[in-house]
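What follows is a short report on a single structure.
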There are 4 protein chains.
Amino acid sequence: MTRAPKPPASKAAPRRRGASPEKTAATRRALSRAALDIFLERGFSATRMSDVATRAGLAKGTIYLHFTDKAALFEDVLREVMRDTLAGRPMQRPRRDETTRAFLQRVVVPVLRELQASGRFGVVRLVMAEGPHFPELAAVYRRVAIEPVLRWVRLIAARASARGELRSDALSRLPMLLVAPAVMAALWNGLYSATEPLDVASVFDTFLELLFVAPPPGRPRAARG
Amino acid sequence: MTRAPKPPASKAAPRRRGASPEKTAATRRALSRAALDIFLERGFSATRMSDVATRAGLAKGTIYLHFTDKAALFEDVLREVMRDTLAGRPMQRPRRDETTRAFLQRVVVPVLRELQASGRFGVVRLVMAEGPHFPELAAVYRRVAIEPVLRWVRLIAARASARGELRSDALSRLPMLLVAPAVMAALWNGLYSATEPLDVASVFDTFLELLFVAPPPGRPRAARG
Amino acid sequence: MTRAPKPPASKAAPRRRGASPEKTAATRRALSRAALDIFLERGFSATRMSDVATRAGLAKGTIYLHFTDKAALFEDVLREVMRDTLAGRPMQRPRRDETTRAFLQRVVVPVLRELQASGRFGVVRLVMAEGPHFPELAAVYRRVAIEPVLRWVRLIAARASARGELRSDALSRLPMLLVAPAVMAALWNGLYSATEPLDVASVFDTFLELLFVAPPPGRPRAARG
Amino acid sequence: MTRAPKPPASKAAPRRRGASPEKTAATRRALSRAALDIFLERGFSATRMSDVATRAGLAKGTIYLHFTDKAALFEDVLREVMRDTLAGRPMQRPRRDETTRAFLQRVVVPVLRELQASGRFGVVRLVMAEGPHFPELAAVYRRVAIEPVLRWVRLIAARASARGELRSDALSRLPMLLVAPAVMAALWNGLYSATEPLDVASVFDTFLELLFVAPPPGRPRAARG
DNA sequence: CATGAATGAGGGTTCATTCAT
DNA sequence: AATGAATGAACCCTCATTCAT
């Protein structure tokens, strides 16, 4: 036994020598951010690893200490951005006295606004564009992003149908119909934001106008007048 | 109609000698078809010029006799497939006694079915995915495919509103709302057709169910006044 | 049918357009030669593809039109040099009245001299050095180069034993013993030719001196009884 | 004997503080062993410094505290393994009454067996393979390993000639002839040990059978009957 | 001394494009 | 027009080496 018995350090951790884990994590995060930006700007294949590194203020080789290859970087980055985007976003329920339309306006519209402001909608485009070449990524996207939303829509749709706010139960059967306008607006912006940007939240709101029956009169809360 | 070979112009005697104009056009068409197939399968950058040539039964160099470079091939091919897809598709109007919903089912559903069966929806995905890198192509797409459709939808929407078939004039203001479900279904199929394909036409039809007010009972026509 | 019926060309071959097969073969040969030289000089991993191309007077990418990758180039080149080295080298038999030692001097020594003069012994070193990383190559080497030689040695050894020219049948059991001195001299030259080159043929000849019993004097054949 | 740590010399107080000289030496030895193993397995350029460190249970950077670079590590390691292999191996002389062949069997065969069992023959292959790129190493090898052996062989050969045990003085002139079969067998095993391993000692022994004349009758010791 | 994250030159390979035939 | 060998810029990835901790 060659190691002299060290007195127990103040911290519980074994106190490794060399760089700290925090620094490592920070580096990874910097790469992740840089990569996301450039992937969003140019797509997968037009993104050069060296540009990612440069934008992160690091050297090319450093990327490979944190991600096995370009595809892994891509998947990792998107997985994480999905997680971050969804994290801490409770799937809220309507209040008892609230119309479903009012509820959606209250809850969904701000989220859409925020997603658009932060550029996060680009992720949708990216997954759409590159998904076919990254089946695992597409599957993850579906599992962590799509399915939860669809489940939630189903609940809301069921309530709306029960309350007579929808004309049919179609939305319960195909919950993605509720999402379609927002998705489409996001994709539109991918192509035409320069000349004719769409406000995703407004598009969604307008869609609600088309969808929902005015609440039946005589109900105390949804009163029109 | 494929591009007619340019007139000889100033160059010395380029006609006569060698292949006939028909053969040239045939070669060009073969390349176009091959290219479209592979672009749809793999996207722009994963498509190799040599594969296009091989699938067309020609040599790599031949492509460059008909298209200046890969980007031009891509744009040309998509421009032509758009034209072909739209060509001879009259923008029909509803019959006087027909509900708008019935009209859309009669006219749009078969088109969607055909587009899906022929794989033409892939073009939508392709434009979505590569459009940002090909602004001209995106512009062409908008001009030849999107805008005409939106204009048409606006007309139909106006009629439907006037007939009280829609609850709001939202569709007149944002005609893309009508298209959103079909587009979304097409994109969904780009990612998940292997495990859970969607029938685009059905999605559209279901959407109509949600959208349209049943025509006022007991009145033969929808006309209110 | 679009092709006009060509009159049968003078040559039997279909007369492809583009570069001739002879030119292609010549290119391949140039690459092969350049590659062999550099592999011999520096070994496998220190050889850069760009250097091979440059030495052949070609561009880097050209190599990949003829060989799938660096390992394939290596194996291909060595396979071919083996074939060329062995091609048209008849496995001769001793004349009836010739001592085995005289036979070997007559037949083997010139071959060794030629192999040394042409630098072909480098191949032995190369196979020795890189063989462990190229099992297939090692196997080919054994099959095309080693085994035939050993079979031949066995024949010669049997004759020599029968004639009483060898003191034992050891050489029949381990024919590689006859080859060992030449191989060793070749390898020596790989390391020390600069300061103390060995003449492979002389080493072999000296070895024969040690090995062979002088034929019994006065007897025309070696047969003792 | 590993290299003793250099005396502090001019640098400021490098001793005291941190590990003891013994520990340093132990670290160096661990690296040396790990490096030898991997160099033998994969050759010089396929050996990664990180693998050496890992196998030694140390970090990559640590290697550079003990060896200036990869080439130095390689040379150092081989120099030491040569020294260790040869250390304490007395160059024995035959007993007065012993035939040279018997002597060689008694003395050399066990050494060969041991070298083979320990895998030390790999060093021969390694020097053969990489020697051309490491001239100094090749020179060291020649000085510490080859020349002493050759000098010793010369002595033995002279005695054998004098005693009439050899047919010629060829072995005195080219002492490497005695070593050739063993070397060749070792190299053979580098390529074909998986499918047809050779027992180096047996090959050597068989070679002796071919080489040595039965001692002339009438001599007291080597007597046959 | 030891660590391991960071560096960045280097090299293998791909593939759009050219051009002699 | 058609061919396909040749080109060479581009780019991903490796790994010996450095250095702050």
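Labels below follow one simple rule: chain letters A, B, ... track the order of the sequence lines, proteins then strands, and each chain is numbered from 1.
The distance between atom CD1 of D:Ile38 and atom P of F:dC15, rounded to the nearest whole Å, is 13 Å. Straight-line distance from the CG atom of D:Leu73 to the C1' atom of F:dA16: 12 Å, rounded to whole Å. We find that NZ of C:Lys23 is positioned 18 Å from P of F:dT3, with the value rounded to whole Å.
Two residues are said to be in side-chain contact when any heavy atoms from C-beta on lie closer than 4.5 Å; C:Thr24 and C:His66 meet this criterion. C:Tyr64 has its side chain within reach of C:Met49: a pair of non-hydrogen atoms, C-beta onward, lies under 4.5 Å apart. Side-chain contact between A:Glu136 and A:Arg79: present, with at least one pair of heavy atoms (C-beta onward) separated by less than 4.5 Å. A heavy-atom distance below 4.5 Å is not found between the side chains of B:Lys70 and B:Val52.
Below 30°, between 30° and 60°, or above 60°: for B:Phe39 and B:Phe44 the angle between ring planes is below 30°, a parallel geometry.
Salt-bridge formation is not detected for the pair B:Arg125/B:Glu130: no Lys NZ or Arg NE/NH1/NH2 atom is positioned less than 4.0 Å from an Asp or Glu carboxylate oxygen. A salt bridge between B:Glu41 and B:Arg55 is present, with a side-chain N of the basic residue lying under 4.0 Å from a carboxylate O of the acidic one. Under the 4.0 Å criterion applied to side-chain N and carboxylate O atoms, D:Asp76 and D:Arg28 are assigned as salt-bridge partners.
In DNA chain E, runs of at least 3 stacked Watson-Crick or G-U pairs (N1-N3 plus N6-O4 or O6-N4, or N1-O2 plus O6-N3, all under 3.5 Å) give these stems: E:2-21 with F:2-21.
A close approach under 4.0 Å does occur between a side-chain nitrogen or oxygen of D:Thr24 and OP1 or OP2 of E:dC1.
C:Ser45 comes within contact range of no nucleotide atom at all, as no heavy-atom separation falls under 4.0 Å.
For the segment residues 48-70 of chain A, residues with any heavy atom less than 4.0 angstrom from an atom of DNA chain F are, sorted by number, A:Arg48, A:Met49, A:Lys60, A:Tyr64, A:Asp69, A:Lys70.
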